[in-house]
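Report on one structure; see the data block that follows.
Ligands are counted one by one from 1 in listed order, and the atoms in each one are counted from 1 as well. Quantities reported herein were computed from a predicted structural model and do not represent experimental measurements.
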Amino acid sequence: MNNTSVTRAVINLSALQHNQQVLKAYAPNSQFLAVVKANAYGHGMVEIARNLSGIYALGVARLNEALVLRHAGITTPIVLFEGFFHADDLETLVTHNLQTVIHSEQQLNAIIECKLDRPLQVWLKLDTGMHRLGFQAEEFEQAYHRLASSANVLQPINLITHFNCADELDNNITATQINTFKSHIKSNSGLNSLANSAATLAWPETHADVIRPGIALYGVSPFANKLAEDFNLQPVMTLKSQLIAVRAHQAGESVGYGATWTAKSDTTLGVVAVGYGDGYPRMAPEGTPVLVNGRLVPIVGRVSMDMLTVDLGNNPTDKVGDDVTLWGEGLPATDVANHIGTIAYELVTKLTSRVALQYVP
Ligand SMILES: *Cc1c(COP(=O)(O)O)cnc(C)c1O
């Protein structure tokens, strides 16, 4: 292992393909839109796109993400979930064969009033309860008819909605959203899409024509209280580093900035070469688990920019250069996220450019 890759995110491509098959089996009659926004949730957008086959489309939030894929030679259809932000961008969408969500009056007017060389595939978004993007029920019919009669819009139109509580299995908001969506799609001959990861796994009635899993494709549970392995999903990312120091530590001594933790008894501390400068959250409290040589040990003291410290206990056999897992294989990101008070989505997405992505087949 060379010096540049001591701290790395190992990306397991067979786990990615395995997860794709698992999700497909949940929704065998639906097409598969793989969500690769935010650099494929930190896994490397281009590399992930290259390693998915048999998919209907890729999903990104914004135009600049789609252009990265196109410039890398990816020709799969791409859907922009936030759509375009300026009328000027519509030309670019045509040039690069990008599909767009239409969620607002501004986007609706822009696409109808412009002059395009070729019509665009659109996904009209119905707001069924998230109340972030999308047309309200009252505005939806009119928006649909305006798009249906526009020469700039490829027919038929596709319809989309997004859930805000699908990860809560006993929350009836989702059932209400499903009913609202279904009442609006009766006469639609285009594709209908509702399901994110949580809905794909837990709400079969949402599968419709196209499922849109993101986090589950990366082998991370969309649920706070269920692990990926409960669904036979395998972690794609394993964040690894190494012990760069192993030190005897006496009772009464503190460690790290602010001296926030003091040893109650003699112990051994391990210093791991990962910190908030790599995207490991500074807010991780004492006790957050780290996997060292097959056992979970607690973080002690504050996470600093380049390092964190763990309590290895008495007379450990761990030594400098031993591998350490921060999350992934053997330590679900969901467990780490629950300790920190965040969600695993944020952990995997926030790695910085200092962390090398190391792809393994
Ligand atoms: C991010 C996103 C998804 C994927 O959500 P996951 O919870 O990661 O599966 C699906 N649809 C839309 C519109 C999104 O923005």
Side-chain angles (χ1 to χ4, degrees), residues 16 19-20 22-24 26-27 30-43 45 48-49 52 55-66 77-85 98-104 107 122-135 158-169 171 173-174 177-178 181 191-204 206-226 228 231 233 235-237 333-334 337 342-350:
L16 177 76
N19 296 337
Q20 188 189 353
V22 168
L23 290 162
K24 269 188 172 169
Y26 271 89
S30 306
Q31 301 197 67
F32 199 99
L33 187 157
V35 181
V36 296
K37 63 190 179 188
N39 198 28
Y41 295 50
H43 294 66
M45 182 166 58
I48 294 297
L52 293 167
I55 58 170
Y56 161 76
L58 298 165
V60 297
R62 311 199 189 125
L63 177 56
N64 64 327
E65 298 179 302
I78 299 175
V79 180
L80 305 179
F81 288 152
E82 294 177 351
F84 58 95
F85 301 154
L98 305 175
Q99 306 182 13
T100 182
V101 164
I102 300 285
H103 62 72
S104 70
Q107 290 177 331
V122 305
W123 291 78
L124 179 60
K125 183 159 199 172
L126 177 66
D127 174 15
T128 53
M130 171 76 95
H131 301 319
R132 206 176 50 176
L133 300 180
F135 289 86
N158 296 336
L159 302 182
I160 187 169
T161 195
H162 194 50
F163 295 117
N164 49 333
C165 298
D167 58 326
E168 298 172 21
L169 302 182
N171 193 325
I173 287 182
T174 304
Q177 288 184 276
I178 295 168
F181 192 71
L191 300 173
N192 298 310
S193 179
L194 308 83
N196 57 4
S197 294
T200 300
L201 295 170
W203 302 84
T206 66
H207 292 167
D209 299 311
V210 180
I211 56 167
R212 311 189 307 269
I215 197 77
L217 186 56
Y218 305 104
V220 173
S221 172
F223 309 101
N225 56 358
K226 279 184 194 291
F231 301 93
L233 297 165
V236 176
M237 174 193 291
T334 300
T342 184
I343 54 176
Y345 291 73
E346 188 178 19
L347 296 183
V348 292
T349 304
K350 274 198 170 166

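If you number the atoms of ligand 1 from 1 as listed, the ones under 4.0 Å from a heavy atom of Ile215 come out as 6 (P), 8 (O), 9 (O).
Neither side chain, Thr334 nor Ser221, offers a donor N or O lying under 3.5 Å from an acceptor on the other.
At a threshold of 4.5 Å between non-hydrogen side-chain atoms, the residues Trp123 and Val210 count as touching. Using a 4.5 Å heavy-atom cutoff, the side chains of Asn164 and Ile173 are in contact.
Scanning all protein heavy atoms for the shortest distance to atom 8 (O) of ligand 1 gives Tyr41 OH, 2.5 Å. Of all protein heavy atoms, the one closest to atom 11 (N) of ligand 1 is Arg212 NE, 2.9 Å. In this structure, the protein non-hydrogen atom closest to atom 9 (O) of ligand 1 is Ser197 OG, 2.5 Å.
Ligand 1 has an N or O atom lying under 3.5 Å from an N or O atom of Tyr345, backbone or side chain. Considering backbone and side-chain N/O atoms, Ile160 never comes within less than 3.5 Å of an N/O atom of ligand 1. At a 3.5 angstrom cut-off on N or O pairs, Gly214 counts as close to ligand 1.
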Stepwise side chain to side chain donor-acceptor pair (under 3.5 Å) test for His43 and Asn39: CA-CA 6 Å; His43 294 66; Asn39 198 28; over 6 Å; no
Evaluate the side chain to side chain donor-acceptor pair (under 3.5 Å) criterion for residues His162 and Arg212: first the C-alpha distance (whole Å), next the side-chain angles of each, then the deciding distance (0.1 Å), finally the verdict. CA-CA 10 Å; His162 194 50; Arg212 311 189 307 269; 3.1 Å; yes
Could you walk me through whether Phe223 and Phe231 pass the ring pair (Phe, Tyr, Trp, His ring centres under 6.0 Å) test, one step at a time? CA-CA 11 Å; Phe223 309 101; Phe231 301 93; 5.5 Å; yes
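Counting only non-hydrogen atoms, the option in Met130, Lys37, Glu82 that gets closest to atom 2 (C) of ligand 1 is Lys37.
Within the structure, ligand 1 has Pro213 among the residues with a heavy atom less than 4.0 angstrom away.
Rounded to the nearest 0.5 Å, atoms OG (Ser193) and CG (Leu33) are 6.5 Å apart.
Only the side chain of His162 comes within 4.0 Å of ligand 1, judged by heavy-atom distances.
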